[in-house]
Visitor: 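Okay, handing you the structure first.
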Amino acid sequence: MQLGGKPPTLVDQVKDGVVDIIWTLPGYNPGRFPKTEVFELPFIHKDALSTTLAMQDFYDKHLKDEYKDFHMLQLHAHAGFLFMTKKPITKIDDLKSMKLRAPLRIGVWMLTEFGATSLGLPLPEVPAALSKGVIDGMALPYEISPAVKAQDLVNYFTDLAPPQSRLATAAFTFMMNPNSYAKLPSDLKQVIDDLSGRNIAKWAGENWEEIEKPGLEAMKSKSKNKFSTLPESESAKFLATKEKVYERWFAEMKSIGVDGKALLADAEAMIAKYAK
């Protein structure tokens, strides 16, 4: 944010032409990009590649109205959240004694249904919150964990049993001011078009999978840290909570005249089309 403002103001900065291009999470503006949130619902995400490819299809069918004020360059997802905590998680009931950070509102809903006390904190506040005991852990992917010193501040890294190893993902947008795009000469527009959307979706998805590796290695660099995968029987208890989160989101969609169930069915089918 070196050009000023706070993360939630980015979409207005690019809409108003204060900046030409932004990279942001639409979830920083709850309710503004509601249909995009379907990809953040728990347990529909498989991996960054299939979700990112699916997002291109979903944008073409469902999201052009949601982003009519922007020139869309890329929609993508990261590899997905796992638990990073100070105390071990061996069963779902362990979360009842934990305060966990989630990045976006659906993540907060999800962790609440797991039984945790869930807080929505900006990422830069996470290290201090962990150090002071405000939170006991968070849901994050490995790639960003070194930035919040997770290797030093938590001890346990826990995911679910395959094939649903990660809890959920976050949707990201890379967007341009439409007037800034329109003013470019045709040859430079072509450069941007060639490096946008579907043309770079495969690369983007593969990149977000690949950059998990150095993040994981950083977490493994400290011998105190423990890594585990919950058994299928316990993982199933986490998965069983998803319907309550879905129903809450469906109700919000219904309140704005959107068929959330149809959106979820489409998103799941699109992800399945590209899943490994």
Side-chain angles (χ1 to χ4, degrees), residues 1-5 7-29 32-41 44-80 103-104 123 141 143-144 168-213 258 263 266-276:
M1 303 306 300
Q2 292 178 0
L3 297 181
T9 68
L10 283 169
V11 290
D12 283 324
Q13 287 185 19
V14 76
K15 178 184 174 183
D16 297 338
V18 176
V19 297
D20 297 306
I21 294 174
I22 62 165
W23 178 53
T24 191
L25 287 81
Y28 283 158
N29 301 89
R32 188 163 182 175
F33 306 99
K35 291 185 287 185
T36 307
E37 285 184 321
V38 69
F39 288 99
E40 297 173 345
L41 291 171
I44 74 160
H45 170 75
K46 308 302 180 189
D47 55 69
L49 178 57
S50 60
T51 298
T52 298
L53 291 171
M55 291 172 105
Q56 315 314 305
D57 296 348
F58 196 86
Y59 174 81
D60 289 343
K61 185 174 181 179
H62 295 294
L63 296 181
K64 290 187 175 180
D65 61 331
E66 197 154 275
Y67 295 98
K68 59 182 174 59
D69 295 324
F70 311 92
H71 182 81
M72 181 62 73
L73 300 174
Q74 182 66 55
L75 273 162
H76 74 86
H78 62 42
L104 305 169
L123 192 67
E143 51 86 14
I144 196 63
T169 191
F172 290 78
T173 52
F174 191 42
M175 301 189 293
M176 188 171 185
N177 176 275
N179 292 326
S180 298
Y181 175 81
K183 290 187 292 187
L184 292 173
S186 58
D187 60 330
L188 296 186
K189 286 181 183 176
Q190 189 63 52
V191 171
I192 289 177
D193 294 345
D194 289 345
L195 295 170
S196 297
R198 200 175 297 274
N199 293 331
I200 61 166
K202 183 174 184 291
W203 169 82
E206 290 174 341
N207 176 68
W208 283 87
E209 289 292 328
E210 191 66 23
I211 61 176
E212 281 289 277
K213 296 176 183 178
V258 174
L263 290 183
D266 263 4
E268 289 181 314
M270 291 169 182
I271 289 172
K273 173 183 172 183
Y274 297 107
K276 299 173 183 177

Visitor: When you compare the side chain of P26 with that of R32, does any pair of heavy atoms fall below 4.5 Å?
Guide: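 No; the side chains remain at least 4.5 Å from each other.
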Visitor: So, taking the atom named CG in L184 and the one named NE2 in H71, what distance separates them when rounded to the nearest 0.5 Å?
Guide: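 Result: 9.0 Å between the selected atoms.
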Visitor: Using 30° and 60° as the class limits, which term best fits the ring planes of W208 and H78: parallel, tilted or perpendicular?
Guide: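 Rings of W208 and H78: tilted, 30 to 60°.
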Visitor: With rounding to the nearest 0.5 Å, note down the distance linking CD1 in I200 to CG in N207.
Guide: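 Result: 10.0 Å between the selected atoms.
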Visitor: With rounding to the nearest 0.5 Å, note down the distance linking CG in L63 to CG in D57.
Guide: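 With rounding to 0.5 Å, CG (L63) is 11.0 Å from CG (D57).
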Visitor: Taking all atoms of both residues into account, what is the closest heavy-atom pair of L75 and T173, and its distance?
Guide: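 The answer is CD2-CG2, 3.4 Å.
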Visitor: How many angstroms lie between CE in M175 and OG in S196, if you round to the nearest 0.5 Å?
Guide: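 So the CE of M175 and the OG of S196 are separated by 13.0 Å.
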Visitor: Specify the closest pair of heavy atoms between A201 and T52, including all atoms of both residues, with the distance to one decimal.
Guide: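 Nearest heavy atoms, A201 then T52: O-CG2, 3.6 Å.
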Visitor: Just wondering, do L263 and F58 contact through their side chains at under 4.5 Å, heavy atoms?
Guide: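 Yes - at least one pair of side-chain heavy atoms lies under 4.5 Å apart.
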Visitor: Looking at P7 and M1, what are the two nearest heavy atoms and their distance?
Guide: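 Shortest heavy-atom contact: N-CE, 3.8 Å.
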Visitor: Could you pull out the closest heavy-atom pair between E212 and P141, with the gap in Å?
Guide: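 In terms of heavy atoms, the two residues are closest at OE2-CB, 3.4 Å.
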Visitor: Aromatic rings Y59 and Y67: how do their planes relate, parallel, tilted or perpendicular, breaks at 30° and 60°?
Guide: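 If you compare the ring of Y59 with that of Y67, the planes turn out tilted.
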Visitor: Within a strict 4.5 Å, meaning less than it, do heavy atoms of the M270 and L53 side chains meet?
Guide: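 They are not in contact (no side-chain heavy atoms under 4.5 Å apart), so the answer is no.
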Visitor: Keeping K189 on the side-chain end and A182 on the backbone end, is there a donor-acceptor pair under 3.5 Å?
Guide: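 Yes, the answer is positive, given that a donor and an acceptor are paired below the 3.5 Å cut-off.
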Visitor: Please determine whether side-chain hydrogen bond (donor to acceptor under 3.5 Å, both in side chains) holds for the pair Q56 and D60, giving the CA-CA distance in whole Å, both sets of side-chain angles, and the decisive distance to 0.1 Å.
Guide: CA-CA 6 Å; Q56 315 314 305; D60 289 343; over 6 Å; no
Visitor: Hey, is the main chain of A171 close enough, under 3.5 Å, to the side chain of E40 for a donor-acceptor pair?
Guide: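 Between the backbone of A171 and the side chain of E40 there is a qualifying donor-acceptor contact (under 3.5 Å).
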Visitor: Between V19 and N177, which heavy-atom pair has the shortest distance, and what is it?
Guide: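 What the structure gives for the nearest pair is O-CB, 4.1 Å.
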Visitor: With heavy-atom distances below 4.5 Å as the criterion, would you say the side chains of M176 and I192 are in contact?
Guide: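 They are in side-chain contact.
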Visitor: Kindly assign one of parallel, tilted or perpendicular to the pair F33 and F70, based on the angle between their ring planes and the thresholds 30° and 60°.
Guide: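 Judged by the thresholds at 30° and 60°, the geometry between F33 and F70 is tilted.
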Visitor: Pick one: which of V11, T24, T9 meets side-chain contact (heavy atoms from CB on, under 4.5 Å) with N29?
Guide: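 That would be V11; it is the only one of V11, T24, T9 passing the side-chain contact (heavy atoms from CB on, under 4.5 Å) with N29.
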Visitor: Do the side chains of L49 and K202 get nearer than 4.5 Å, heavy atoms only?
Guide: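 A side-chain contact exists here, since the closest heavy-atom pair is under 4.5 Å.
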Visitor: Side-chain contact test, heavy atoms from C-beta onward, threshold under 4.5 Å: evaluate it for P34 versus E66 and give yes or no.
Guide: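 Side chain of P34 against side chain of E66, heavy atoms only: contact under 4.5 Å found.
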Visitor: Just by distance, no angles: are the side chains of Y181 and D193 close enough, under 3.5 Å, to form a donor-acceptor pair?
Guide: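 Side-chain D/A pair, Y181 to D193: present.
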Visitor: Under the 3.5 angstrom rule, does the side chain of E209 hit a backbone N or O of A48 as a donor-acceptor pair?
Guide: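 Flag set: sc E209 to bb A48 pair under 3.5 Å.
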Visitor: Q74 and M72: which non-hydrogen atoms are nearest, and at how many Å?
Guide: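 In terms of heavy atoms, the two residues are closest at O-SD, 3.6 Å.
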Visitor: Give a yes or no on whether the backbone of G4 and the side-chain of Q13 come within a donor-acceptor separation of less than 3.5 Å.
Guide: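 Yes, because the side chain of Q13 sits within donor-acceptor range (under 3.5 Å) of the backbone of G4.
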Visitor: In Å and rounded to the nearest 0.5 Å, what is the CD1 to NZ distance from I271 to K46?
Guide: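 Going from CD1 on I271 over to NZ on K46, the span is 7.5 Å.
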Visitor: Quick test of your reading of the model: are K35 and D266 salt-bridged, counting only N-O distances below 4.0 Å?
Guide: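 Not counted as a salt bridge, because no side-chain N and carboxylate O are separated by less than 4.0 Å.
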Visitor: With distance as the sole test, does H62 use its side chain to make a donor-acceptor pair with the main-chain N or O of T36 at under 3.5 Å?
Guide: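 Checking the backbone N and O of T36 against the side chain of H62, no donor-acceptor pair under 3.5 Å is found.
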Visitor: Would you call E37 and L104 a side-chain contact if the rule is heavy atoms closer than 4.5 Å?
Guide: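 No, every pair of side-chain atoms sits at 4.5 Å or beyond.
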